[in-house]
Amino acid sequence: AAGATSCAKMRLLTWNCQGLGNGPSIRGLLDVQKQEAPDVLFLSVTKHDGKWMDWLRWKLEMPNMVVVNSEGNRGGLALFWRGGVEVGVKNFSKAHIDCVMEEEGFEWRFAGIYGVSRSENKDNMLETLCYLKEQFEMPWLCSGYFNEILFGCEKEGGPPRAELNMQKFN
């Protein structure tokens, strides 16, 4: 109709893939990508390096990417985005990728997070989140695998989570 405006919404998908080293996990990712058609895709625990992820970006038909290599068989992060999507990567580490997205003139931040499982290293992730929070005055979406919970009732099995860790994360 004359005068109608379109309001496109960016589609962002995050997935803790726990390694992309076998056919079923790759097929699963490609199926999700096909069904959901994200504009931006954040993967944590890829267990791969940039060379392998370069192959994957073409399979995903997402030509833009930033990769944080895994350390052996641990960790690894990747952020992919389609052509035409405005993404400005600000910083990254083995535990995060932080960027600014622009959508129809509106800027907002995205931080993809991978929280380590070892209790003695959890403070590093929390310090990173606090640091990132202070960097820019704009809306912020923080997503990923934090490897932490807010309340003890969220955990099933194993030893109880330390109350202090949950309070810090909250």
Side-chain angles (χ1 to χ4, degrees), residues 6-118 121-122 124-148:
S6 111
C7 184
K9 299 292 181 202
M10 186 179 300
R11 295 175 60 96
L12 185 140
L13 179 72
T14 64
W15 185 26
N16 173 17
C17 51
Q18 298 181 8
L20 289 170
N22 60 49
S25 65
I26 295 167
R27 281 190 301 278
L29 174 59
L30 293 173
D31 287 347
V32 166
Q33 189 269 345
K34 188 175 183 177
Q35 291 171 8
E36 300 298 328
D39 300 300
V40 178
L41 173 65
F42 173 73
L43 302 177
S44 62
V45 195
T46 62
K47 298 184 181 180
H48 282 289
D49 63 13
K51 185 176 179 181
W52 193 92
M53 299 307 276
D54 191 48
W55 168 83
L56 182 62
R57 76 175 164 159
W58 298 113
K59 291 293 261 183
L60 292 167
E61 299 178 4
M62 299 181 102
N64 304 297
M65 73 172 187
V66 63
V67 173
V68 177
N69 291 338
S70 64
E71 294 178 350
N73 199 24
R74 304 177 87 174
L77 305 173
L79 182 71
F80 301 92
W81 62 97
R82 294 188 183 284
V85 175
E86 298 294 323
V87 176
V89 177
K90 297 301 180 186
N91 59 64
F92 56 88
S93 72
K94 66 181 180 177
H96 82 284
I97 298 175
D98 184 40
C99 55
V100 173
M101 309 276 188
E102 185 177 332
E103 186 175 10
E104 297 181 354
F106 176 73
E107 287 189 333
W108 57 280
R109 285 182 59 216
F110 171 73
I113 303 293
Y114 171 63
V116 296
S117 58
R118 299 183 66 113
N121 297 329
K122 286 192 182 290
N124 292 339
M125 188 260 304
L126 297 173
E127 288 170 10
T128 298
L129 286 173
C130 289
Y131 169 78
L132 293 173
K133 178 183 150 197
E134 301 300 324
Q135 293 306 299
F136 304 99
E137 292 292 325
M138 62 178 61
W140 183 35
L141 171 64
C142 192
S143 181
Y145 184 63
F146 297 92
N147 216 345
E148 189 55 83

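Residues take their numbers from the sequence shown, with the count starting at 1.
- Phe106 and Pro139 get closest at one heavy-atom pair: CZ-CG, 3.6 Å.
- Under the ring pair (Phe, Tyr, Trp, His ring centres under 6.0 Å) criterion, Phe146 pairs with Phe169, not counting sequence neighbours.
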Just list the side-chain donor-acceptor pairs under 3.5 Å for residues 73-84, sequence neighbours left out, or say none.
unit_1, atom_1, unit_2, atom_2, d
Arg82, NE, Pro38, O, 2.9
Arg82, NH2, Pro38, O, 3.4

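- For residues 105-115, the salt bridge (charged side-chain N to carboxylate O under 4.0 Å, His left out) pairs, not counting sequence neighbours, are Asp98-Arg109.
- Residues Trp108 and Glu103 form a side-chain contact, since some pair of their non-hydrogen atoms from C-beta on lies under 4.5 Å apart.
- Residues Gln135 and Lys90 form no side-chain contact, since every pair of their non-hydrogen atoms from C-beta on lies 4.5 Å or further apart.
- The side chain to side chain donor-acceptor pair (under 3.5 Å) contacts involving residues 56-72 comprise Asp54-Arg57, where partners must be two or more places apart or lie in separate chains.
- Residue pairs meeting the salt bridge (charged side-chain N to carboxylate O under 4.0 Å, His left out) criterion with at least one member in residues 125-135, sequence neighbours excluded, do not occur.
- The distance from atom OG1 of Thr46 to atom CG of Leu56, rounded to the nearest 0.5 Å, is 9.5 Å.
- Considering every non-hydrogen atom in both Trp140 and Leu129, the closest pair reads CH2-O, 3.6 Å.
- Here the straight-line distance linking atom CD1 of Ile113 with atom OG1 of Thr128 works out to 7.0 Å at 0.5 Å rounding.
- Checked against Val45 for a side-chain contact (heavy atoms from CB on, under 4.5 Å), the options Leu20, Asn147, Asn16 give a single hit: Asn16.
- Here the CZ-SG distance, from Phe92 to Cys99, works out to 12.0 Å after rounding to the nearest 0.5 Å.
- Listed by chain and residue number, Ser143 satisfy the side chain to side chain donor-acceptor pair (under 3.5 Å) test with Thr14 (two or more places apart in sequence, or in another chain).
- Legend: side chain to side chain donor-acceptor pair (under 3.5 Å) pairs involving residues 30-45, not counting sequence neighbours, sorted by first then second residue: Arg11-Glu36.
- Once rounded to the nearest 0.5 Å, the distance linking CD of Glu148 with CG of Leu126 reads 7.0 Å.
- Contact of the Ile97 side chain with the Asn91 side chain is not registered, since no non-hydrogen atoms from C-beta on lie closer than 4.5 Å.
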Passes side chain to side chain contact (heavy atoms under 4.5 Å, CB included), Leu29 versus Leu43? Steps please.
-> CA-CA 10 Å; Leu29 174 59; Leu43 302 177; 3.9 Å; yes
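- With contacts defined as side-chain heavy-atom distances shorter than 4.5 Å, the pair Phe42/Leu12 does not qualify.
- His48 meets the ring pair (Phe, Tyr, Trp, His ring centres under 6.0 Å) test with Trp52; sequence neighbours excluded.
- Checked against Glu86 for a side-chain contact (heavy atoms from CB on, under 4.5 Å), the options Met10, Glu102, Met101 give a single hit: Glu102.
- Scanning for side-chain contact (heavy atoms from CB on, under 4.5 Å) contacts around Ala95 gives Ser93, with sequence neighbours left out.
- A search for side chain to side chain donor-acceptor pair (under 3.5 Å) contacts involving Asp49 returns nothing, not counting sequence neighbours.
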